[in-house]
Amino acid sequence: MTLENISNTKVFGGWLKQFNHQSTSTQCKMRFAVYLPPQAEVHKVPVLYWLSGLTCTDENVMQKSGIQRVAAELGIAIVAPDTSPRGDNVADDEHGAYDFGIGAGFYLNATQAPFDNHYKMYDYVVDELPALIEANFPVTSQKSISGHSMGGHGAITIGLKNPQAYQSISAFSPICNPMNCPWGQKAFVGYLGDNQQDWLEYDSSELMKVTQGNTPMLVDQGSEDNFLAEQLKPQSLIDAAQSRQYPLTLRMQQGYDHSYFFISSFIEEHLKFHAKYLIKS
Ligand SMILES: N[C@@H](CCC(=O)N[C@@H](CSC=O)C(=O)NCC(=O)O)C(=O)O
């Protein structure tokens, strides 16, 4: 596997790096960012995977959240993949909409043409990227997962489906019940088809009802988020957690919106939450 290093930036004593590589999952060139804290120069460090939301790339969290300061303090590497396959051969929304196609891969494996040959973001995030990271960087196999909005949906679904793989799960403003909101329904019809049985595999609230795992989960949701009622539906996740005593902490944060200002306000608490499970004393 050839990694093409495209940037190196020193931040809080560590290094923020971007790479391109040819992905076997998505059959196209993929870019990701990795932040290596200063501790990684001395010993291997655990990893937090961050999944971004609609319209994002690997850059949003690294430029807007302030995540590097806390990652450097705690000794955790941060890995941020892109939000979809990209390139001239990759199918996109027919009208160029922001909520489907390029920039909106929904962290699933598409089964419907013309998306089924490149849109394999689930395989990319769960298998290919961690294997690549563990083979090429000074990291342990200990990992946790977090994300925002569409990426919060990705973090929760991937964490719930792989309870042995992730030590902890967190999310900001996640799409909690995509089967029952416009963003999710558009994505699931387009990527998975009309059979709603297939959608259950990628719905956080539905997965939480049936998972055998008990991976600790922290969710923060802003009360003034424009997408809260129509798209995010955190009550569905709360109800699912209560139905089976899942260890979910979901906090409504008064006055906050959907933006990276909200994320930057609580990113330190999320990293400290993950550190409790990633870094054993
Ligand atoms: N353009 C859209 C909204 C796009 C948007 O808000 N994207 C969010 C994620 S939304 C859910 O996945 C985001 O993170 N944007 C990037 C950023 O840096 O803020 C619209 O106008 O409604």
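As the structure lists them, so they are numbered: ligands from 1, and atoms in each ligand from 1. Here the structure is a predicted model, which means the values were calculated and not measured.
- Protein residues with a heavy atom closer than 4.0 Å to ligand 1 are G53, L54, T55, C56, N60, K64, Y98, H148, S149, M150, W183, F227, H258, Y260, listed by chain and number.
- For Y191 and Y202, the gap between ring centers reaches or exceeds 6.0 Å.
- Taking the six-membered ring where tryptophan is involved, the planes of F266 and F262 are perpendicular, since the angle between them exceeds 60° and thus also 30°.
- Sorted by first then second residue, the side chain to side chain donor-acceptor pair (under 3.5 Å) pairs that include residues 148-158, not counting sequence neighbours, are S149-H258.
- Partners of K209 according to the salt bridge (charged side-chain N to carboxylate O under 4.0 Å, His left out) rule, which considers only residues two or more places apart in sequence or in another chain, are E206.
- Results of the ring-ring contact (aromatic ring centres under 6.0 Å, His included) test with F32 over F19, W50, Y49 single out F19 as the only residue that passes.
- Contacts of E4 classified as side chain to side chain contact (heavy atoms under 4.5 Å, CB included), with partners at least two apart in sequence or in another chain: I6, N20, K29.
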